[in-house]
S.K.: 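This is the structure I have questions about; it appears just below.
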Amino acid sequence: MHDLSYMHIYGQRVEVPGALIIDGGSGYCKYGWSKYNSPSGRSATFLEFGNIESPMPSRLRHFFSTICNRMQVRTSTQPIVVSIPLCHYDDTESARGSRKQLKDAIYSTLFDMNVPAVCAINQATLALFAARRISGIVVNVGFHQTSVVPILYGKVMHKVGVEVVGMGALKLTGFLKDRMQQNNIAFDSLYTVRTLKENLCYVALDYEAELAKNTQASFAVSSNSWFTLSKERFQTGEILFQPRMAGVQAMGLHQAVALCMDHCHDAELTGDDNWYRTVVLAGGSACLPGLAARLEKELYGLLPKPMCSGIRVIPPPNGTDSAWFGAKLVSSLSTFPTSWCITKKQYRGLSKRKLTW
């Protein structure tokens with residue numbers, strides 16, 4: 001007779017790695033098991049897989065199968081939590097159709113791979129969950145652009161309006177590269193520039209005052225390559241607030257967030273206006289030191305006093321991995337997977353109806 005002792009059963013239980021989490025975006029992808037404290041692997045999505053926001057089944061299948069192979073997982077054994085990239089923002093029939101098409105493509109691709117259950121949630125909502133909130137405004141500094149997303153009770157308020165600023169991580173890296181070239185600072189690759197951005201750059205609380213300071217600092221990208229930057233350190237992040245410095249005709253980040261808050265206030269979606277006064281930053285470039293404090297200061301300067309009360313800007317709760325940790329939080333709930341996932345059988349029943357998200 002098999003040993004069915006409590007310790008034997010418990011021992012088998014702890015060997016189960018939980019759900020597989022895949023947080024894929026236009027820039028970088030993080031993946032790993034929900035029972036672990038951080039993603040197991042990362043890859044440059046844009047280089048390896050192309051644009052996964054375009055719902056081409058062959059591209060999505062290549063993306064998901066590659067991740068599963070690297071994790072050495074049989075797709076038929078574990079539920080998968082996948083983040084949906086932020087795209088198709090408008091509250092138009094065309095945008096709603098594109099969002100549904102992308103979500104349908106994700107479900108059908110994974111179910112064709114025999115995944116037993118799928119939980120698909122957009123990246124902004126997962127980043128908000130990582131901050132232990134279900135309502136607020138998420139500012140996601142993405143690879144190509146920055147999105148300002150109002151979320152109420154876990155649902156993106158497309159009717160209120162998602163603001164988009166054409167300024168993302170790629171633009172910040174490009175701006176620093178140009179400044180380094182102008183100042184005759186030699187480098188061998190964009191990887192070097194990105195590393196310097198991540199380790200030396202910051203956002204000034206007062207840009208004009210910062211110009212008068214000595215801000216020189218050095219960093220070693222490798223054992224034999226030291227780089228010294230000065231004003232480039234805070235000018236790079238400043239283009240989020242002054243896009244014209246980078247030759248971009250767009251509103252600044254603070255103006256986009258203030259506009260979103262204004263729309264939330266006018267919409268009167270709940271009796272409590274406090275829900276949109278919490279702003280959560282997400283994305284790798286949102287980790288720039290000083291960004292949260294500067295944005296909060298600018299919002300207090302832009303908005304009327306009654307709307308300013310209680311505004312709080314929270315830095316990325318888990319650094320570059322906020323969405324991944326939001327998915328980890330979801331997968332740890334007692335109601336997971338029952339209330340969060342869709343099975344293949346359920347999907348077939350819902351396929352003729354609209355999947356809301």
Side-chain angles (χ1 to χ4, degrees), residues 23 25 27-28 30 37-39 42 83 86 122-143 145-151 162-163 165 167-173 176 194-207 210 215 217 219 233-242 252-258 260-261 274-303 308-329:
D23 172 28
Y28 296 90
K30 302 102 179 178
N37 293 327
S38 62
R42 304 167 194 273
S83 70
L86 294 166
N122 80 76
Q123 288 173 326
T125 301
L126 290 174
L128 189 65
F129 288 167
R132 301 298 196 274
R133 287 175 174 65
I134 59 172
S135 298
I137 293 175
V138 173
V139 175
N140 185 76
V141 184
F143 189 64
Q145 58 193 12
T146 296
S147 52
V148 181
V149 188
I151 299 172
V162 175
E163 304 298 331
V165 179
M167 191 75 64
L170 194 59
K171 196 71 176 180
L172 292 171
T173 303
L176 178 57
R194 182 166 65 89
T195 302
L196 292 172
K197 180 188 73 173
E198 294 171 354
N199 289 277
L200 285 181
C201 290
Y202 64 96
V203 175
L205 188 63
D206 184 328
Y207 179 69
E210 206 73 11
T215 57
F219 182 80
R233 297 180 62 209
F234 61 89
Q235 288 173 332
T236 298
E238 187 63 26
I239 68 173
L240 289 170
F241 298 91
Q242 300 188 57
L253 178 60
H254 55 307
Q255 295 165 326
V257 176
C260 182
M261 285 184 165
N274 288 322
W275 72 271
Y276 59 79
R277 289 187 169 98
T278 296
V279 179
V280 176
L281 302 181
S285 291
C287 296
L288 286 174
L291 178 56
R294 172 67 179 279
L295 178 56
E296 191 170 295
K297 173 194 171 186
E298 295 290 349
L299 289 174
Y300 273 92
L302 267 180
L303 293 166
C308 286
S309 178
I311 287 179
R312 183 185 174 202
V313 180
I314 302 173
N318 300 95
T320 61
D321 302 330
S322 292
W324 193 91
F325 275 92
K328 175 181 169 64
L329 185 64

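Because the structure is a prediction, the values reported are computed rather than measured.
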S.K.: Between Asp23 and Ser83, which heavy-atom pair has the shortest distance, and what is it?
M.R.: OD1-OG, 2.6 Å
S.K.: If every non-hydrogen atom of Leu299 is compared with every non-hydrogen atom of Ala258, which pair is closest and at what distance?
M.R.: CD2-N, 3.8 Å
S.K.: For Phe241 and Leu291, run side-chain contact (heavy atoms from CB on, under 4.5 Å): C-alpha distance rounded to whole Å, both residues' side-chain angles, the deciding distance at 0.1 Å, then the answer.
M.R.: CA-CA 10 Å; Phe241 298 91; Leu291 178 56; 3.7 Å; yes
S.K.: Please enumerate all residues that pass side chain to side chain donor-acceptor pair (under 3.5 Å) together with Ser147, with sequence neighbours excluded.
M.R.: none
S.K.: Give me each pair satisfying salt bridge (Lys or Arg N to Asp or Glu O under 4.0 Å) with a member in residues 283-295, each pair once, sequence neighbours excluded.
M.R.: Glu238-Arg294, Arg294-Glu298
S.K.: Please work out which of the three classes, parallel, tilted or perpendicular, describes the rings of Tyr207 and Phe234, given edges at 30° and 60°.
M.R.: perpendicular
S.K.: Donor-acceptor pair, Thr146 side chain versus Met167 backbone, under 3.5 Å?
M.R.: yes
S.K.: Could you list the residues that satisfy ring-ring contact (aromatic ring centres under 6.0 Å, His included) with Tyr300, not counting sequence neighbours?
M.R.: none
S.K.: Looking at Leu128 and Ser135, what are the two nearest heavy atoms and their distance?
M.R.: CD2-N, 3.5 Å
S.K.: How close do Leu288 and Cys201 get, heavy atom to heavy atom, and via which atoms?
M.R.: CD2-O, 3.7 Å
S.K.: Checking the side chain of Arg233 only, and the main-chain atoms of Tyr202 only, is there a donor and an acceptor separated by less than 3.5 Å?
M.R.: no
S.K.: So, taking the atom named OG in Ser309 and the one named CG in Asn274, what distance separates them when rounded to the nearest 0.5 Å?
M.R.: 7.5 Å
S.K.: Between Gly237 and Leu172, what is the shortest heavy-atom contact and its length?
M.R.: CA-CD2, 4.3 Å
S.K.: A side-chain contact here means heavy atoms from C-beta on lying under 4.5 Å apart; do Met261 and Val279 qualify?
M.R.: yes
S.K.: Locate the shortest heavy-atom distance separating Val162 from Pro150; write the atom from each residue and the value.
M.R.: CG2-CD, 4.1 Å
S.K.: Taking it one step at a time, do Gln123 and Val138 satisfy side-chain contact (heavy atoms from CB on, under 4.5 Å)?
M.R.: CA-CA 10 Å; Gln123 288 173 326; Val138 173; over 6 Å; no
S.K.: Side chain of Glu296, backbone of Val313: donor and acceptor closer than 3.5 Å?
M.R.: yes
S.K.: Are the charged groups of Arg42 and Asp321 less than 4.0 angstrom apart, N to O?
M.R.: yes
S.K.: I would like to know whether Lys297 and Asp206 meet side-chain contact (heavy atoms from CB on, under 4.5 Å); could you show each step before the answer?
M.R.: CA-CA 9 Å; Lys297 173 194 171 186; Asp206 184 328; 4.0 Å; yes
S.K.: Please check if the side chain of Lys30 supplies one atom and the backbone of Thr320 the other of a donor-acceptor pair under 3.5 Å.
M.R.: yes
S.K.: Between atom CD1 of Ile151 and atom CZ of Arg133, what is the distance when rounded to the nearest 0.5 Å?
M.R.: 13.0 Å
S.K.: Evaluate the side-chain proximity of Lys197 to Ser285: yes if any heavy-atom separation is below 4.5 Å, no if none is.
M.R.: yes
S.K.: Which distance, rounded to the nearest 0.5 Å, do you find between the CG of Leu176 and the CZ of Arg194?
M.R.: 12.5 Å
S.K.: To the nearest 0.5 Å, how far apart are OG1 in Thr195 and CG in Leu200?
M.R.: 10.0 Å
S.K.: Kindly compute the distance separating CG (Leu253) from CG (Leu240), expressed to the nearest 0.5 Å.
M.R.: 6.0 Å
S.K.: Here's a test for you: under side-chain contact (heavy atoms from CB on, under 4.5 Å), which of Ile314, Leu295, Val141 qualifies with Leu281?
M.R.: Leu295
S.K.: Set out, in order, the CA-CA distance, both residues' side-chain angles and the distance that settles side-chain contact (heavy atoms from CB on, under 4.5 Å) for Val257 and Glu163, then state yes or no.
M.R.: CA-CA 8 Å; Val257 176; Glu163 304 298 331; over 6 Å; no
